[in-house]
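Whatever order the structure lists ligands and atoms in, that order sets their numbers, starting from 1.
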Amino acid sequence: MTAIRPGDARDLPFLEAMLYEAFFWDPASPRPAFAEFRESVEFRKLLAGWGRPGDRALVAEADGAPAGAAWFRLWTPELHSYGFVDARTPELAIAVAAGRRGQGIGRALLDALVETARAGGFPALSLSVSPENPARGLYESAGFRRVGESGTSWTLALALEPAAVPRG
Ligand SMILES: CC(C)(COP(=O)(O)OP(=O)(O)OC[C@H]1O[C@@H](n2cnc3c(N)ncnc32)[C@H](O)[C@@H]1OP(=O)(O)O)[C@@H](O)C(=O)NCCC(=O)NCCS
C-alpha cells in the first residue's frame, strides 16, 4: 500500500538518494559512487539549507518504507538549477526507488506536488529533463510544456490556476 506524506529535513538522506537517481536516470550512463557525487557542488547546492521559504517535499511510502519523493524549491537568477524560469516559479525534482517504478507512484507524486504548488499560490512549476528520458512522457501527460533548453536538457513548465474557492 502506498501513501504520500509531506517531507521535511528528516527526509534529506532519502531526498539525496532520489536526487542521485534523477541525475543518473539513464541506465546506459556510468554512475559515480554516491558518496563521492554527493560532495560535488552541483549536487550539494540542490538540497543545501533545506527548509527555506518555498521548499516543499512529498514522500511516497510503500509497505512502510520510502519508495519515492518529489519536491520543489525557489531559485534566483544568481543561484539556480538547470530548469530555472524565474524567481517566482519553483523547480521540481522527482524520483522513485528503482524497485518501485512502473507502479503509478511517480504519477501520484507528481499530481500531488502540482496540487501542493497550486494550493501554495505558486504561478507555475518548472523542471529540467533530457528529451531522451521516459520521464518526459510523464511530465507532458501532466500538462508540462517545453519553454526552453539548457545544455542538452529541456526546460518544461506548467502554468497553475489558483485552486477553486468553494462557494456557498
Ligand atoms: C520518472 C519516474 C519518477 C516515474 O516514476 P514511476 O513510478 O516509475 O512512474 P509511473 O509508474 O507513475 O508511470 C508514469 C509514467 O511515467 C512514464 N515513464 C517513466 N519512466 C518510464 C520508463 N522507464 N519507460 C516508460 N515509461 C516511463 C510513462 O509515461 C508512465 O506513464 P503510463 O503510466 O501512462 O505508462 C521514475 O521512473 C524514476 O525515478 N526514474 C529515474 C529518475 C528520473 O528520471 N527522474 C526524473 C528526472 S527529470
Exercise for the section: Considering only non-hydrogen protein atoms, determine which one is nearest to atom 43 (C) of ligand 1 and report residue, atom name and distance to 0.1 Å. Expected result: Trp25 CB, 3.8 Å
Exercise for the section: Taking atom 34 (O) of ligand 1 as the reference point, report whether a protein heavy atom occurs under 4.0 Å from it. Expected result: yes
Exercise for the section: Nearest 0.5 Å please: distance from the CG atom of Leu138 over to the CZ atom of Phe144. Expected result: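 Reported to 0.5 Å precision, the distance equals 9.0 Å.
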Practice task
Flag Ile94 as yes when one of its N or O atoms lies below 3.5 Å from any N or O atom of ligand 1, and as no otherwise.
Solution key: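 Yes - when backbone and side-chain N and O of Ile94 are compared with those of ligand 1, one distance drops under 3.5 Å.
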Completion exercise
Among Arg107, Glu140, Arg136, the residue with a heavy atom nearest to atom 15 (C) of ligand 1 is Arg107
Practice task
Using distance alone, determine whether Asn133 and ligand 1 share an N or O pair under 3.5 Å.
Solution key: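 Between Asn133 and ligand 1 (N or O atoms, distance only) the closest approach is under 3.5 Å.
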Handout entry: Inter-residue atom distance Arg56.CZ - Leu125.CG, 0.5 Å rounding
Key =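 The distance works out to 11.0 Å.
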Exercise for the section: Heavy-atom contacts with Ser128 under 4.0 Å: which atoms of ligand 1 show up? List them by number with element. Expected result: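 Close to Ser128: 48 (S).
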Practice task
Please say whether Gly104 places an N or O atom under 3.5 Å from an N or O atom belonging to ligand 1.
Solution key: yes
Completion exercise
The closest protein heavy-atom partner of atom 37 (O) of ligand 1 is Arg101 CD, 3.5 Å
Practice task
Verify the neighbour count for atom CZ of Arg44: are there more than 12 heavy atoms of other residues, nucleotides or ligands below 6.0 Å?
Solution key: no
Exercise for the section: Specify the closest pair of heavy atoms between Val129 and Arg136, including all atoms of both residues, with the distance to one decimal. Expected result: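 Shortest heavy-atom separation between Val129 and Arg136 comes out as CG2-N, 4.1 Å.
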Exercise for the section: Heavy-atom contacts with Glu21 under 4.0 Å: which atoms of ligand 1 show up? List them by number with element. Expected result: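 The list of qualifying atoms is 42 (C).
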Exercise for the section: Could you establish whether Gly68 and ligand 1 come within less than 4.0 Å of each other, counting only heavy atoms on the residue side? Expected result: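 Distance cut 4.0 Å: Gly68 fails for ligand 1.
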Handout entry: Aromatic ring proximity, centroids under 6.0 angstrom, Phe43 and Tyr20
Key = no
Exercise for the section: Check the surroundings of atom CZ in Arg146: do more than 12 heavy atoms from other residues, nucleotides or ligands lie under 6.0 Å from it? Expected result: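 More than 12 heavy atoms, drawn from other residues, nucleotides or ligands, come within 6.0 Å of this atom.
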Exercise for the section: Would you mind listing which atoms of ligand 1 come within a distance below 4.0 Å of any non-hydrogen atom of Tyr139? Expected result: 46 (C), 47 (C), 48 (S)
Handout entry: Side chains of Arg107 and Ser141, donor plus acceptor under 3.5 Å
Key =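 Note: Arg107 and Ser141 side chains meet the donor-acceptor criterion.
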Completion exercise
Of all protein heavy atoms, the one nearest atom 4 (C) of ligand 1 is Leu138 CD2, 3.9 Å
Handout entry: Enumerated ligand 1 atoms positioned under 4.0 Å from heavy atoms of Gly106
Key =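 Answer for ligand 1: 5 (O), 6 (P), 7 (O), 9 (O), 12 (O).
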Problem - Separation between CD of Glu91 and CH2 of Trp75, rounded to the nearest 0.5 Å - result: 7.5 Å
Problem - Six-ring centre of Trp50, Arg52 cation under 6.0 angstrom, axis tolerance 45° - result: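 Geometry flag: not set, cation outside 6.0 Å or 45°.
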Problem - Any Glu42 side-chain heavy atom under 4.5 Å of Phe23 side chain - result: yes
Handout entry: Closest approach of any protein heavy atom to atom 18 (N) of ligand 1, naming residue and atom
Key =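 Scanning the protein heavy atoms, the shortest distance from atom 18 (N) of ligand 1 goes to Pro134 O, 3.7 Å.
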Handout entry: Sub-4.0 Å atoms of ligand 1 with respect to non-hydrogen atoms of Gly102
Key = 6 (P), 7 (O), 8 (O), 11 (O)
Problem - Presence of salt bridge, Asp26 and Arg31, under 4.0 angstrom - result: no
Practice task
With rounding to the nearest 0.5 Å, note down the distance linking CZ in Arg73 to CG in Leu79.
Solution key: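 Between atom CZ of Arg73 and atom CG of Leu79 there are 8.5 Å.
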Exercise for the section: Output yes when the distance from some N or O of ligand 1 to some N or O of Val96 is under 3.5 Å, and no in every other case. Expected result: yes
Practice task
Considering only protein heavy atoms, determine whether one is less than 4.0 Å from atom 2 (C) of ligand 1.
Solution key: no
Practice task
Output yes when a protein non-hydrogen atom is found under 4.0 Å of atom 13 (O) of ligand 1, and no otherwise.
Solution key: no
Fill in the blank from the handout: Atoms of ligand 1 under 4.0 Å from any heavy atom of Gln103, numbered from 1 in the order shown, are 11 (O)
Exercise for the section: Return yes when at least one protein heavy atom is under 4.0 Å from atom 28 (C) of ligand 1, and no when none is. Expected result: no
